[in-house]
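Take a look at the structure set out below.
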There are 2 protein chains.
Amino acid sequence: MAHNTPTMKEIAKRLGVSVTTVSRALQNHPRIGLRTREQVHELVQEMGYVPNSTAIYLKKRCTFNIGVVLPFLTEQFFSLAISGIEDTTTKQGYSVLVVQSRNNFEREKAAITSLIKHGVDGIIVSVASETQTYLHLDEAQKHGVPVVLFDRVIKRAPNSCVYSDIVVGAYEAIAFLISRGLRRIALLNGPNTLQATEERLRGYVKALQEYEIPVNIHYIKSLNLTKEDTIRKTNELLNLSELPQAILAFHDYIALDSMQVCKERGFRINKDIFFVSFSNLSFCSYLDNPPIASIEQFPYEMGEKAAQILMNDITNPGSSIRQEVVIKSKLIQR
Amino acid sequence: MAHNTPTMKEIAKRLGVSVTTVSRALQNHPRIGLRTREQVHELVQEMGYVPNSTAIYLKKRCTFNIGVVLPFLTEQFFSLAISGIEDTTTKQGYSVLVVQSRNNFEREKAAITSLIKHGVDGIIVSVASETQTYLHLDEAQKHGVPVVLFDRVIKRAPNSCVYSDIVVGAYEAIAFLISRGLRRIALLNGPNTLQATEERLRGYVKALQEYEIPVNIHYIKSLNLTKEDTIRKTNELLNLSELPQAILAFHDYIALDSMQVCKERGFRINKDIFFVSFSNLSFCSYLDNPPIASIEQFPYEMGEKAAQILMNDITNPGSSIRQEVVIKSKLIQR
DNA sequence: CTGTTAGCGCCTTCAT
DNA sequence: ATGAAGGCGCTAACAG
């Protein structure tokens, strides 16, 4: 329970100077004797002195920690986003506190409270599928802790946010399938609480309408993102008298589970039924029959951008205006 | 740059009591007026007071943060381990600072220094493939920050560590292949710096010897865990006049890349050449031809155990004796 | 039951 | 060029 790092006080004592002098030497303050500065730096090396950022916090009011709250680290999409966040924040001396919400609203709320308690200087959030409100984000703002949302954003929230142009992505995916001569296209969509769900639907409908294909309500399923639900809804699609020829999945994980159901029921992937999905996860390249296309959303870049905005909000608390950044997605054919 | 959380001082002022009283009320100190306590709690709610753990740190000498350093969050193995760590530490009010080393020693070293600077109470490390020394871990110990290693451990290090019984795992994997009638078995092993590499080799050799199969030195390759190297070494194996019938891979990611090379060169997976690997990653179940067996290493449990040991080291700094915990692995046939 | 005092490690005026 | 003093938010003796 006790860090025993040497303190400035000890260095000062061994050098027979005041703590102030040591402090200034460490900050390369101009008005300090060259000789003294050198001695201090030597001793710092020798004693392995590390400044106590916790104490600095009390003065400067910042911990150089930021918090990240997201559904699952195990989804590559999010771990890539973390990498983007980490790379831009560490450059500025910030570390990253990671908490998983597991798509549970209560956990998400607790995570944010906990992060505030731990004194983070800012928070980046990708909300849980359950989350329907942004009041828990307000709490952070109230404490002067800026919040930036990414990917799973709540657009009516007052926070800056970074997300990809899902409507366009979904539109292009459907257009691609239609160009392949497919017309009966189903949509395994996400939970209705998510903005991203609505946008996929918009792109889907838009493309169908443009190509004058009637929208079949039975082809549109809303999932809660659990495996069981994916299996159930896929079976519902496969039980229809007018079988869909293709499925646009909410993301690759959903596609994978759905594809498995199809295979088990004797459908040949990308022959009897085609798949297109979001995320473009790298491991799909190992599949014999991956989705024929996937919408790359550049999670690393999204994390990067979100971190940049947050860093800016932290550094210039005054000038922080709400930003909405759209990362262009890209349809990758396989 | 400024958290504007209400402080105890303000609560005290509004209630016309001293800060101490508020402090005690908050801790449910026995010697405090019931009435006062209630008033304090009410005001805390109303003002949204959150204790400043940074300030508490100065007294208690603990930040309730722990650091985790590991190669890649994008490897499911590690993100599962994080979940195990997170679940056991959050129970005790600790948060997790995550830093990725990307298998680079310098990054790992910098990560540890940074974590110390951020005042973490303890650190959990899975070392980079490049790492050959544990001197950078000593630095933490010197600062009174306990360190626990997991999975990628350095066993001659003075730290507690948690790892799986790789020798047994490799042995069972090879025995399994032999029981399938395969005798020419190659080993795509990890970098020689890792303990885990040597252990895989031990298990491999032991099994072959027990079944009186000569060890062919050309069947044993040491990889640096990059994709390029995996491709190169797999090609070397496939160029041998006596082709291996099976390959034991360092882990599933290696197996996947290696399998792809085999496929490209016209070998049929699990017909012409069989694969077995470590990790038992969930997404392998989506493959048409996954490795016929994989050694499950229970990363979640490993993280959990490492966190438990660390929590104990932090809470009882005196009684911390070096522990070495072995998590039993399990051969999963597919 | 409550208040006073001192101090955790560091930074920042204000003096010297 | 250097020191002394005060304070960031909180806790913990020590007094009442």
Side-chain angles (χ1 to χ4, degrees), chain A residues 1-41 43-44 47-64 93 116-121 143-145, chain B residues 1-40 43-44 47-64 93 116-121 143-144:
Chain A
M1 205 71 122
H3 299 203
N4 48 10
T5 306
T7 69
M8 285 186 8
K9 199 174 175 180
E10 296 168 45
I11 295 182
K13 196 189 291 172
R14 290 216 357 203
L15 244 50
V17 296
S18 78
V19 180
T20 318
T21 305
V22 177
S23 171
R24 284 204 271 250
L26 254 23
Q27 304 173 65
N28 293 318
H29 192 283
R31 285 201 309 235
I32 191 88
L34 182 64
R35 179 109 185 71
T36 324
R37 171 162 39 216
E38 276 171 2
Q39 283 182 322
V40 168
H41 278 109
L43 208 50
V44 160
M47 299 176 68
Y49 166 80
V50 175
N52 182 331
S53 53
T54 320
I56 293 176
Y57 165 79
L58 279 181
K59 306 280 341 171
K60 300 278 194 80
R61 327 260 52 218
C62 63
T63 55
F64 292 104
I116 294 171
K117 220 162 41 192
H118 280 80
V120 293
D121 299 335
H143 287 276
V145 181
Chain B
M1 203 74 119
H3 300 205
N4 48 10
T5 307
T7 67
M8 286 189 5
K9 199 174 174 180
E10 297 169 43
I11 297 183
K13 198 188 293 174
R14 291 215 359 204
L15 245 50
V17 297
S18 79
V19 180
T20 316
T21 305
V22 177
S23 171
R24 284 202 273 250
L26 254 22
Q27 304 174 63
N28 292 318
H29 192 282
R31 289 200 305 233
I32 192 88
L34 182 63
R35 179 103 187 76
T36 322
R37 173 163 38 216
E38 276 171 2
Q39 284 182 320
V40 168
L43 209 49
V44 160
M47 301 176 67
Y49 167 81
V50 175
N52 181 331
S53 53
T54 319
I56 295 176
Y57 164 79
L58 279 181
K59 305 275 345 166
K60 300 278 195 86
R61 330 263 43 223
C62 62
T63 55
F64 292 104
I116 294 172
K117 219 159 45 192
H118 280 79
V120 294
D121 299 337
H143 286 275

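We use all heavy atoms of the structure for the numbers below, so side chains are in, but hydrogens, waters and symmetry mates are not. Here is the naming used below: chain letters follow the sequence lines, and residue numbers restart at 1 for every chain.
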Note to self: Test of understanding: with side chain to side chain contact (heavy atoms under 4.5 Å, CB included), list the residues that count as partners of A:Ile56, not counting sequence neighbours.
What the structure shows: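 Scan of A:Ile56 (side chain to side chain contact (heavy atoms under 4.5 Å, CB included), adjacent residues dropped) gives A:Pro51, A:Lys60.
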Next item on the list: Keeping to residues at least two apart or across chains, list the salt bridge (charged side-chain N to carboxylate O under 4.0 Å, His left out) pairs with something in residues 16-29 of chain B.
Entry: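 Not a single pair qualifies under salt bridge (charged side-chain N to carboxylate O under 4.0 Å, His left out).
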Can you tell me how far apart [atom1] ([X]) and [atom2] ([Y]) are? Round to the nearest 0.5 Å.
{"X": "B:His118", "Y": "A:Asn52", "atom1": "NE2", "atom2": "CG", "result": "11.5 Å"}
{"X": "B:Lys9", "Y": "B:Lys13", "atom1": "NZ", "atom2": "NZ", "result": "6.5 Å"}
{"X": "A:Thr36", "Y": "A:His41", "atom1": "OG1", "atom2": "NE2", "result": "11.5 Å"}
{"X": "B:Asp121", "Y": "B:Thr63", "atom1": "CG", "atom2": "OG1", "result": "3.5 Å"}

Checklist line | Base versus backbone protein contacts along nucleotides 11-16 of chain C [heavy-atom cut-off under 4.0 Å; B, S, -] | finding: BB----
Checklist line | Residue whose closest nucleotide on DNA chain C lies nearer the 5' end, B:Ser18 versus A:Asn52 | finding: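 Nearest nucleotide further toward 5': that of B:Ser18.
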Check: In this structure, which one of B:Val40, B:Thr21, B:Ile32 forms a side chain to side chain contact (heavy atoms under 4.5 Å, CB included) with B:Leu26?
Finding: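 Running side chain to side chain contact (heavy atoms under 4.5 Å, CB included) over B:Val40, B:Thr21, B:Ile32 with B:Leu26 returns exactly one hit, B:Val40.
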Next item on the list: Identify which one of A:Val17, A:Leu43, A:Val19 satisfies the side chain to side chain contact (heavy atoms under 4.5 Å, CB included) criterion when paired with A:Ile11.
Entry: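 Looking at A:Val17, A:Leu43, A:Val19, the match for A:Ile11 under the side chain to side chain contact (heavy atoms under 4.5 Å, CB included) is A:Leu43.
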Checklist line | N/O donor-acceptor pair under 3.5 Å between B:His143 side chain and B:Ile116 backbone | finding: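 Absent.
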Item checked: Along DNA chain D, first and last positions that approach a heavy atom of chain B under 4.0 Å ->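 Going 5' to 3' along DNA chain D, contacts run D:dC8 to D:dA13.
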Next item on the list: Indicate yes or no: at least one non-hydrogen side-chain atom of B:Arg35 is less than 4.5 angstrom from one of B:Gln39.
Entry: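 Yes, close enough: below the 4.5 Å cut-off.
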Mind calculating the distance between [atom1] ([X]) and [atom2] ([N]) to the nearest angstrom?
{"X": "B:Ile32", "N": "C:dT2", "atom1": "CD1", "atom2": "P", "result": "5 Å"}
{"X": "B:Arg37", "N": "C:dT2", "atom1": "CZ", "atom2": "C1'", "result": "14 Å"}
{"X": "B:Gln39", "N": "C:dC1", "atom1": "CD", "atom2": "P", "result": "15 Å"}
{"X": "B:Leu15", "N": "C:dC1", "atom1": "CG", "atom2": "C1'", "result": "15 Å"}
{"X": "A:Lys13", "N": "C:dG9", "atom1": "NZ", "atom2": "C1'", "result": "14 Å"}

Check: Are any of B:Thr36's side-chain N or O atoms less than 4.0 Å away from OP1 or OP2 of C:dT2?
Finding: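 Yes, such a contact exists.
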Check: Partners of B:Gln27 by side chain to side chain donor-acceptor pair (under 3.5 Å), sequence neighbours excluded?
Finding: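 For B:Gln27, the residues satisfying side chain to side chain donor-acceptor pair (under 3.5 Å) (neighbours in sequence not counted) are B:Ser23.
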Check: How sharply is the helix from C:dC1-D:dG16 to C:dT16-D:dA1 bent, taking the axes over five pairs at either end and rounding to 10 degrees?
Finding: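 For the helix from C:dC1-D:dG16 to C:dT16-D:dA1, the axes at either end differ by 50°.
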